Amino acid sequence: MVELIKNIEKLKHERNAVILAHNYQLEEVQQVADYIGDSFYLSKIAAKIECDVIVFGGVRFMAETAAILSPDKVVLLPEPDAGCPLADTITDEDIRSLKRENPGAPVVCYINSSAEVKAESDVCCTSSNAIKVIASLPERKVIFVPDENLGKYVARQLPDKELVLWQGCCVTHAKVKASDILMMRAKYPEAKILVHPECVPAVVELADFVGSTSDIIRYAESSDAGVLLIGTEVGVLNALRISRPEKQILLVHPGLVCPNMKKTRLQSIFEALEYNRHRIRVEETLAEKARHAITRMLEVS
Ligand code: 13P
């Protein structure tokens, strides 16, 4: 492993490359990353970083977003099959029919979506800025895709808006049930419960804090609670184990492991840099349209 890390560092230097890693990535991937964070943070980095190559420790829509924002750079996704089942629930044709059914309503797409879906949307958002982005729109009725749970969370925060929702969900977050939270609360009455807004509404309602993966990490790091119960993917525990080793940090459900996020390993990062694979390209006409929705999000937030 030490040898592999050394080789990756050497290739990074030779190729003027940076490695971006999502909070859900394996610890070994985060170890070689230059930037680690949530979807919003990584998209901001991808938009402004100066380098020739971006290696994305994450899933396809993240690398695609980086390629859209930085068309002059080589963007590599070490594991080409690392996808997002939530993003795959909706197509650009679905967006066009939603627009026909709801004339005049702007479309907000969660960043967990394809370039084609982004291209049909007015503005993009992530879990950390969804409320802000939707609140910024003058229209009352807004189409929000594809995460229904995040949409319901936003709708509760913005009662003046009418959200038209798509029935997509993250299969990993959907595993958590209200009964899991009640059981953990009974077992650890002093603990704080922190969940991602992709969890079902009944879970979100029982939590002490709701936020993106980086928001959860920040809240946990500054919390006085000795026990923290986490309702998002296990990867967020990596950062907390390093920064808050004295705390007891547990998942609210043992199944909070995203199989796609766990595909990327040090070996695949090395091979991506060594053999220039797997390059993510977004055709420029499509990228230009999709870029508009992402840039608008970056401006609003
Ligand atoms: P973040 O916005 O916290 O990065 O969430 C991304 C995601 O895909 C959650 O499952």
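Fair warning: this is a prediction, and the values are worked out from it, not measured in the lab. Every number for a ligand or one of its atoms is a count from 1 in the order of the listing.
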Apart from Leu98 itself, its cluster of hydrophobic side chains linked below 4.5 Å comprises Ile90, Ile95, Val107, Val117, Ile143, Val145, Val164, Trp166
Pairs of donor and acceptor atoms involving the side chains of residues 174-181, under 3.5 Å and at least two apart or interchain, shall be tabulated with distances.
unit_1: Lys175; atom_1: NZ; unit_2: Gly255; atom_2: O; d: 2.8
unit_1: Lys177; atom_1: NZ; unit_2: Ala174; atom_2: O; d: 2.9
unit_1: Asp180; atom_1: OD2; unit_2: Lys177; atom_2: N; d: 2.7

Taken in chain and number order and not counting sequence neighbours, the residues that satisfy salt bridge (Lys or Arg N to Asp or Glu O under 4.0 Å) with Lys262 are Glu233
| request: Name the orientation class of the two ring planes belonging to Tyr24 and His196 (parallel below 30°, tilted from 30 to 60°, perpendicular beyond 60°). | output: tilted
Short question: side chain of Arg60, backbone of Pro80 - any donor-acceptor pair under 3.5 Å? yes
Discussion item. Closer than 3.5 angstrom, by distance alone: can the side chain of Ser268 be matched with the main-chain N or O of Thr264 as a donor-acceptor pair?
Written reply: no
Ordered by chain then number, the protein residues lying under 4.0 Å from ligand 1 by heavy atom are His22, Tyr24, Asp38, Ser39, Asn112, Ser127, His173, His196, Glu198, Ser212, Thr213
